[in-house]
Number of protein chains: 2
Amino acid sequence: MKSNPQKVFQQYLESKGLKLTRQRTQILELLLEAQTHVTPEQIYRALGAKDASLGRATVFRTLHLLEEAGFVSKIHFPDGTSGYEHKFSRPHHDHMICVDCRDVIEFSNATIERLQERLSREFEFTPLWHRHEIFGRCKKCSLQKTAL
Amino acid sequence: MKSNPQKVFQQYLESKGLKLTRQRTQILELLLEAQTHVTPEQIYRALGAKDASLGRATVFRTLHLLEEAGFVSKIHFPDGTSGYEHKFSRPHHDHMICVDCRDVIEFSNATIERLQERLSREFEFTPLWHRHEIFGRCKKCSLQKTAL
DNA sequence: ATCGTTGCAAACGGTTTGCAATTCG
DNA sequence: CGAATTGCAAACCGTTTGCAACGAT
C-alpha cells in the first residue's frame, strides 16, 4: 500500500464521490495506531470516550467502507465476533488464536501461500482472499493449563 | 472415528451420564445422510417437517453437544452464519467457498498440514484445530462473472 | 445549497436461556 | 422415580436500517 494512509483514504473517498468526515478520520487513525486487532465495540468506546458523540452504526459503516476499499481486513473470533486490522504497509499474514486469552499470533508462510494457489487452480477456483486460522493455546496459557 | 456413529454417540452420552433422545438421534442421522454442510435452520425445518415438534433450541443444543464430542465440525460462511458437517469416517479437510453461490469445495493437503504443525511449534503454540478457508469463485460463477 | 453522513433507536437474525412439562433409563 | 431433556417464548448481542438533523464541498 502507499505512504500516507489518511491521504490514500481521502483519495479513495474522493474518487467515489464520498466525503472525509471527522469520524472516518478518527476511526482510521485509531486502527493505524492500534497495531493489533480491534473490535467495533472497542472503537466505539475508545472514540466515544475521548471525543464527542460517535454512533455504533457509524463504526460499522466505516469499517465496511474500509474493508471494501481494501484498507482493513476482518478476522473472526471463535465466538463469532470480529476484529479488524489495517493493511497499510503490513504484509499479508494469517493467525494463530489462543482459545483462552484470545491473543493473536501472526504468521505467514510462502510455501502455504503457493500451495493454496496451486490447489485453487486444480479445482478451477478463482481465489479472492483466504482465512487461515489456527486455534489452540499460546505458550503462557498452555503452561497454565498443564499446571492445574 | 469408529464404525457405527449412532452407537458411538450413545456410548459417549452414556459415559457422560447423558441421555439418547429421539431428537438427538434424528439430528445425528440427518447430519450423517447429508454429506454436505447443513445449517441449524435447515435441520430445524427438515425434521420439524417430517416428524413432530422439534425446537430450534434443541437443534443448537445438540449441535454443541456433537461439536464438543468431536463428532461434527462447524464452518463459518462469509456472512457470519454457520454450517455443520459430521466427521465420522471423513478425513480432515479444508474448504474453498464460493462467494456467489456458497458452494463448498473440500480440499486437503498434507504439506500444508505439516507446515502448520511446524509453525505452531516455532511459536510454542499448542494447536487444537484450525480453519483454512479460501474464498473466491467456483468455476461456474467465475465464468458467469466474466460473461457480463 | 446539495448530497452524503451522522446518531438515534428500532428492527433484525442467529443463538441462548429460564422454566414448566416431558421423557429416558 | 429422578435427573436430564425438551419446547416455548423471551432475552441476548452483534450488526443493520430508516429517518430526521447535520456537515462537507
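Letters go in sequence order (proteins before strands), and every chain restarts at 1. Below, each value reflects all heavy atoms present in this structure, side chains not excepted, and no hydrogens, waters or symmetry copies.
Taking the six-membered ring wherever Trp is involved, the centroid distance between the rings of Y12(A) and F71(A) falls below 6.0 Å. Between H92(A) and H130(A), the ring centre distance stays below 6.0 Å.
Scored by the ring-ring contact (aromatic ring centres under 6.0 Å, His included) test, H76(B) finds no partners at all (sequence neighbours excluded).
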Original post:
Would E85(B) and H93(B) satisfy side chain to side chain donor-acceptor pair (under 3.5 Å), going step by step from the backbone distance to the final call?
Top reply: CA-CA 11 Å; E85(B) 67 177 353; H93(B) 56 261; 3.0 Å; yes
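For the OP1/OP2 pair of dT16(C) and a distance below 4.0 Å, the side-chain nitrogens and oxygens of H64(B) include at least one atom meeting the criterion. When the side-chain nitrogen and oxygen atoms of T62(B) are compared with OP1 and OP2 of dT5(D), none of them lie within a distance under 4.0 Å. At the phosphate of dG14(D), neither OP1 nor OP2 sits under 4.0 Å from any side-chain N or O atom of R56(A).
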Original post:
Using a cut-off of 4.0 Å between protein heavy atoms and nucleotide atoms, how would you tag nucleotides 18-25 of chain D 5' to 3' with B, S and -?
Top reply: B----BB-
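Atom-to-atom, CD of Q26(B) to P of dT23(C) comes out at 14 Å; the value is rounded to the nearest Å. Atom CZ in F60(A) sits about 15 Å away from atom P in dC8(C), given to the nearest Å. For the pair I43(A) CD1 and dG14(D) P, the computed distance is 14 Å after rounding to whole Å. Rounded to whole Å, the distance from CG on L54(B) to C1' on dT5(D) is 12 Å. The CD1 atom of I27(A) sits 13 Å away from the P atom of dT5(C) (whole-angstrom rounding). For the pair L13(A) CG and dG4(C) P, the computed distance is 13 Å after rounding to whole Å. In this structure, Q11(B) places its CD atom 14 Å from P of dG25(C), rounding to the nearest Å. Atom pair E14(B):CD and dA4(D):P shows a separation of 15 Å (rounding to whole Å applied).
Using a cutoff of 4.0 Å between basic side-chain nitrogens and carboxylate oxygens, R56(B) and E41(B) are scored as salt-bridged.
Backbone-only engagement by Q23(B) is indicated by non-hydrogen atom pairs under 4.0 Å involving sugar-phosphate atoms exclusively.
In this structure, G17(B) and Y44(B) both approach DNA chain D, and ranking their closest nucleotides by distance from the 5' end singles out G17(B).
No more than 12 heavy-atom neighbours from other residues, nucleotides or ligands sit within 6.0 angstrom of CD on E68(B).
Among the candidates E133(A), R131(A), Q116(A), the single residue satisfying the side-chain contact (heavy atoms from CB on, under 4.5 Å) test with H132(B) is Q116(A).
The same atom, P, is picked in dA11(D) and in dT15(D); the two are 22 Å apart, to the nearest Å.
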